[in-house]
A.B. asks: 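What follows is a single structure, and I will ask about it in a moment.
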Amino acid sequence: METTLIILKPDAVQRGLMGAIVGRFEAKGLQIVGAKLMKISPDMAATHYAAHKERPFYTGLVNFMTSAPVLVLALRGIGAIDISRKMIGATFGSKAEPGTIRGDYGVSNAFNLIHGSDSPEAAAKELDLFFNDGEILDDKRAIEPWIYDYSSGDPE
Ligand code: IDP
Ligand code: MG
């Protein structure tokens with residue numbers, strides 16, 4: 001099982017799209033193991049987007065991400081990182097395919113609704129940045145045996 005860090009960005013929260021977007025992940029079968037409505041501090045945004053520090057859009061990105069509340073999620077499942085990145089779609093709303101979250105809900109390249117970790121290393125770092133000890137839960141869902149086939153012992 002893999003856990004990934006998802007952020008519903010300020011535009012998603014302001015536009016009332018939290019339920020629709022969270023619903024997609026729930027319907028897919030990914031398990032929500034952490035959730036937090038919060039405002040990202042400038043320091044936290046700088047850490048999270050450190051790789052983009054030299055890019056022309058960096059200052060605008062940090063201003064955007066710190067401008068209003070976000071919903072931070074930890075999602076768990078086999079291959080959760082790749083699955084959620086596919087569900088999120090291409091970076092720009094103008095380019096993202098219909099059927100993806102960015103493709104279905106946005107047209108902007110800067111306000112692209114959602115962040116998802118892009119590798120196991122990024123997920124580990126980002127989960128650690130946004131969640132404190134004990135905020136990511138290990139409880140198994142009662143419906144777990146209908147999400148994965150456990151007949152061999154391991155989820156499939
Ligand atoms: P990703 O979110 O699809 O992984 P990245 O290239 O890692 O995309 O960029 C991080 C974030 O920076 C994007 O989600 C978007 O909010 C913002 N961003 C990236 N490129 C641009 C741009 O050209 N203009 C404005 N914002 C951008
Ligand atoms: Mg990225």
Side-chain angles (χ1 to χ4, degrees), residues 1-133 135-138 147-148 155:
M1 288 280 171
E2 195 170 64
T3 308
T4 190
L5 188 280
I6 299 290
I7 305 172
L8 305 197
K9 296 182 178 184
D11 54 334
V13 177
Q14 293 297 316
R15 290 177 57 199
L17 293 173
M18 283 191 290
I21 295 171
V22 172
R24 286 186 178 218
F25 292 122
E26 287 189 305
K28 177 69 176 167
L30 293 173
Q31 184 183 2
I32 299 167
V33 292
K36 190 193 277 196
L37 188 71
M38 62 176 288
K39 274 189 92 175
I40 297 181
S41 70
D43 274 359
M44 218 176 200
T47 303
H48 180 61
Y49 284 122
H52 297 297
K53 196 160 176 37
E54 306 306 326
R55 309 288 286 280
F57 58 81
Y58 174 80
T59 303
L61 176 61
V62 168
N63 288 341
F64 165 50
M65 292 300 291
T66 57
S67 64
V70 299
L71 182 69
V72 181
L73 302 171
L75 292 186
R76 185 167 294 159
I78 298 170
I81 295 169
D82 273 356
I83 290 171
S84 52
R85 289 282 292 190
K86 280 199 195 109
M87 292 175 71
I88 288 169
T91 299
F92 294 154
S94 62
K95 298 264 169 60
E97 293 291 334
T100 65
I101 292 164
R102 286 169 173 164
D104 284 351
Y105 295 124
V107 289
S108 168
N109 296 340
F111 291 180
N112 64 358
L113 296 161
I114 181 165
H115 165 83
S117 307
D118 63 6
S119 66
E121 297 71 34
K125 256 204 283 192
E126 294 172 359
L127 289 164
D128 190 53
L129 178 63
F130 287 98
F131 286 101
N132 300 315
D133 284 352
E135 290 180 341
I136 294 177
L137 307 180
D138 284 322
I147 301 291
Y148 289 108

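One-based numbering, in listed order, for ligands and for the atoms of each.
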A.B. asks: With heavy atoms under 4.0 Å as the rule, classify the contact between F64 and ligand 1 as side chain, backbone, both or neither.
C.D. replies: neither
A.B. asks: Taking the side chain from T4 and the backbone from A123, do they hold a donor-acceptor pair closer than 3.5 Å?
C.D. replies: no
A.B. asks: In terms of atom number and element, which parts of ligand 1 are under 4.0 angstrom from non-hydrogen atoms of A110?
C.D. replies: 16 (O), 25 (C), 26 (N)
A.B. asks: So which atom in R76 and which in L137 form the shortest heavy-atom distance, rounded to 0.1 Å?
C.D. replies: NH1-O, 3.4 Å
A.B. asks: With heavy atoms of K9 as the reference, note each atom of ligand 1 found under 4.0 Å away.
C.D. replies: 13 (C), 14 (O), 15 (C), 16 (O)
A.B. asks: Which atoms of ligand 1 sit under 4.0 Å from any heavy atom of F92?
C.D. replies: 20 (N), 21 (C), 22 (C), 23 (O)
A.B. asks: Residue-level breakdown please: for N112 versus ligand 1, do any non-hydrogen atoms fall below 4.0 Å on the side chain, on the backbone, on both, or on neither?
C.D. replies: side chain
A.B. asks: Can you tell me if NZ on K36 sees more than 12 non-hydrogen neighbours from other groups inside 6.0 Å?
C.D. replies: yes
A.B. asks: Purely on distance, is any nitrogen or oxygen of Y49 under 3.5 Å from one on ligand 1?
C.D. replies: no
A.B. asks: Looking at atom 24 (N) of ligand 1, what's its closest protein heavy atom, distance included?
C.D. replies: F57 CB, 3.7 Å
A.B. asks: Can you list the ligand 1 atoms lying under 4.0 Å from a non-hydrogen atom of T91?
C.D. replies: 1 (P), 3 (O), 8 (O), 13 (C)
A.B. asks: Are any of the heavy atoms in R85 under 4.0 Å away from ligand 1?
C.D. replies: yes
A.B. asks: Report yes or no: does H48 have a heavy atom closer than 4.0 Å to ligand 1?
C.D. replies: no
A.B. asks: Checking contacts here: is it the side chain or the backbone of H52 that comes within 4.0 Å of ligand 1, counting heavy atoms only? Could be both or neither.
C.D. replies: side chain
A.B. asks: Donor-acceptor pair, Y148 side chain versus I78 backbone, under 3.5 Å?
C.D. replies: yes
A.B. asks: Donor-acceptor check, side chain of D104 to backbone of P98, threshold 3.5 angstrom: yes or no?
C.D. replies: no
A.B. asks: When you measure from the side chain of R102 to the backbone N and O of L113, does any donor-acceptor pair fall under 3.5 Å?
C.D. replies: no
A.B. asks: Would you call the rings of F130 and H48 parallel, tilted or perpendicular if under 30° counts as parallel and over 60° as perpendicular?
C.D. replies: perpendicular
A.B. asks: Counting non-hydrogen protein atoms only, what is the nearest one to atom 2 (O) of ligand 1? Give residue, atom name and distance.
C.D. replies: R102 NH2, 3.0 Å
A.B. asks: So, R15 side chain and G106 main chain: donor-acceptor pair closer than 3.5 Å or not?
C.D. replies: no
